[in-house]
Q: 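Below you'll find the structure I mean.
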Amino acid sequence: MAPVPSASTSEAPTSNGIPPKTVKPSAILHRTPWTPQIAASAEGIYIHLEDGRTLIDAVGGAAVAAIGNGHPEVRNAVKEQVDKLSYVYNFQLSNHPAEDLARWLVETSDGAFELATFVSGGSEAMEAVIKLARQYFFEIGQKQRTKFIARQLSFHGNTLGTLSLAYHPARRAPYVPLLDDTNFHHVSPAYAKRFQKEGESEEEYVERLRQELENKFIELGPDTVIGFVAETVVGATTGVVPPPKGYLKAMKSVCDKYGALFILDEIMSGMGRLGTTHAWQTYGDGISPDLQAVAKGLGGGYAPIGAVLLSPKVAAGIRDSAGFMKHGHTYQAHPISCAASLAVQKVIASENLLENARKQGELFQSLLKEKLQGPNSPLAPFVYDIRGSGAWWGVEFDFDDPSPVSATAPPKPQVKFAKSDFGSLVQAKAMENGLIIMGFHGGSNLEGTKGDHILFSPAYNVTSEEIKKIADIFVQSAEQVLKEALV
């Protein structure tokens, strides 16, 4: 998911770091207030622009390009599939790539999942989750269950249904009159760095959140709740925020107590992004979800695809009643998308890329801490947090609170950013310097008005030298933006 634009269209020529003379008129209604330059070709993490410049992609689009561009195994798989079968409608016929990919996802889940179904992306996957969860209770005779509970500062997609499920203030704002607040409800985020109370232990914080969820169940009527939905690790909204230890297990215990489903959104965090196939394998304290959505890392950007993974319980509830999913799309289980995705997953396994992601993640963390929090770093007074694992990292800055970010941090000098927020300015400056990252604003309070964070999600096959270069260019860019803003 791209950051919410904060620059005005009058600033379009330079707000993405591209000089005005290099930007051609476009017939596309773009998602940005500027006209983006054209990427002409790419290999690995290097993207070559039409004007001849080369950029390092340190964010994989939006945590998508898991193995970079142009991998020969995937390229060959796509070509072979085009020659064999380009399209069939899955309401009429199945196809080998879809069958094989589903089997791969089930067999590599350590028993967590029994069935899979495919769609064309993350938002579609979460829409399918909503409908499958409702269908499950419809099929087993609990038709009174119609309500979902999700969290504030969450993001689950850009459809009206997923915007209702999530609670991202800026992305919801234009559509609030259209959103459903009868069947979609929200509790607090699990964001210890910002919302854990002074003197409150991690265990006490988790128990407070568990009790809040149980209270919401009771308020709504426990037998009316379909499920609780959470991003295993929160993505773009707050910037790679992991759950406190024991949190996911505690939330699942509430769902189990009242017969509801425990649902995880791993659109960004799943399929290897954090160094394990599923993010709950890192942060789940031994639990797995009843339903899970995956997308970005599934196809690695080679073709549009998303998937919903069904636990044995949910699979049995639907299979043993209707026997089929009462939901679908034209391009569902597309043979070329499934062939590309299976090839991506096989590359990740055969090249041992999850181990590399963990190794390079450790290096990246050490470099960020050294360069951002060291005694000579001008950014140190504003660095609120560095967090992540594997190939997914976030750096949070605090320019809103004049007090130091920690008891040992130096005092903050006065700054004033012209025209935009720090996250957007650093994203633009980094692109000028040859690096693609994502900068965000508004993830540090419930209103979505404070805090800046930068997101990194390089390919799992990134090298140590490339990690060092990413860190160097990012820090250089952030320091340049800060220097221009010092009062």
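The analysis underlying the following values was restricted to heavy atoms, covering all of them including side chains, and did not include hydrogens, waters or symmetry mates.
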Q: For K313, does the NZ atom have more than 12 heavy-atom neighbours from other residues, nucleotides or ligands under 6.0 Å away?
A: yes
Q: R273 and A66: which non-hydrogen atoms are nearest, and at how many Å?
A: NH2-CA, 4.1 Å
Q: How would you list all residue pairs meeting salt bridge (charged side-chain N to carboxylate O under 4.0 Å, His left out) that involve residues 110-133, not counting sequence neighbours?
A: E114-R319
Q: So does Y331 have more than 12 non-hydrogen atoms from other groups sitting under 6.0 Å from OH?
A: no
Q: Distance check, rounded to the nearest 0.5 Å: F456 atom CZ versus L368 atom CG?
A: 6.0 Å
Q: Do T282 and T276 pass the side chain to side chain donor-acceptor pair (under 3.5 Å) test, and can you show the C-alpha distance, the side-chain angles, and the key distance before you say yes or no?
A: CA-CA 7 Å; T282 299; T276 53; 2.7 Å; yes
Q: Is it true that, when you exclude K412 itself, more than 12 heavy atoms of the residues, nucleotides or ligands shown sit nearer than 6.0 Å to its NZ?
A: yes
Q: V129 and L165: side-chain contact (heavy atoms from CB on, under 4.5 Å), yes or no, with the steps?
A: CA-CA 11 Å; V129 160; L165 176 66; over 6 Å; no
Q: Donor-acceptor check, side chain of E212 to backbone of S188, threshold 3.5 angstrom: yes or no?
A: yes
Q: Backbone N or O of F397 within a donor-acceptor pair of the D452 side chain at under 3.5 Å?
A: no
Q: So, the side chain of R172 versus the backbone of A166: is there a donor-acceptor pair under 3.5 Å, distance only?
A: yes
Q: May I ask you to decide if G451's main-chain N or O and D400's side chain share a donor-acceptor pair within less than 3.5 Å?
A: yes
Q: So, does Q365 use its side chain to make a donor-acceptor pair with the main chain of S389 at under 3.5 Å?
A: no
Q: Should the pair E139-K326 be classified as a salt bridge under the 4.0 Å nitrogen-to-oxygen rule?
A: yes
Q: In a check of side chain to side chain contact (heavy atoms under 4.5 Å, CB included) between V314 and each of V308, L309, L261, which one passes?
A: L261
Q: Just wondering, are more than 12 heavy atoms of other shown residues or ligands nearer than 6.0 Å to OH in Y167?
A: no
Q: Do W392 and L455 have side chains that approach each other closer than 4.5 Å (heavy atoms only, starting at C-beta)?
A: yes
Q: Just by modelled atom types, is the C338 backbone N or O under 3.5 Å from a matching donor or acceptor in the S341 side chain?
A: no
Q: Run Q135 and H327 through side chain to side chain donor-acceptor pair (under 3.5 Å) and show every step you take.
A: CA-CA 9 Å; Q135 184 184 343; H327 172 66; over 6 Å; no
Q: Are F148 and H156 an aromatic pair by the rule of ring centers under 6.0 Å?
A: no
Q: Using side chain to side chain donor-acceptor pair (under 3.5 Å) as the criterion, list what pairs up with S377, not counting sequence neighbours.
A: none
Q: For D285, which residues count as a salt bridge (Lys or Arg N to Asp or Glu O under 4.0 Å) partner, sequence neighbours excluded?
A: K245
Q: Any sub-3.5 Å donor-acceptor pair from S123's side-chain atoms to N158's backbone N or O?
A: yes
Q: Within the 3.5 Å criterion, strictly below it, is a donor on E219 or N215 matched to an acceptor on the partner's side chain?
A: no
Q: Would you please test Y258 and E214 for side chain to side chain donor-acceptor pair (under 3.5 Å) and show each step?
A: CA-CA 9 Å; Y258 294 109; E214 182 162 16; 2.6 Å; yes
Q: Not counting sequence neighbours, list each pair that qualifies as a salt bridge (charged side-chain N to carboxylate O under 4.0 Å, His left out) and has a residue in residues 343-357.
A: none
Q: Quick check against the 3.5 Å criterion: does R134 have a side-chain atom that pairs as donor or acceptor with the backbone of K143?
A: yes
Q: Tell me if the centroids of the rings in F382 and F399 come within less than 6.0 Å of each other.
A: yes
Q: Applying side chain to side chain contact (heavy atoms under 4.5 Å, CB included), can you list everything that pairs with T108, at least two apart in sequence or on another chain?
A: W104
Q: Tell me which pairs pass salt bridge (charged side-chain N to carboxylate O under 4.0 Å, His left out) where either residue lies in residues 183-195, with sequence neighbours left out.
A: R194-E396, R194-D398
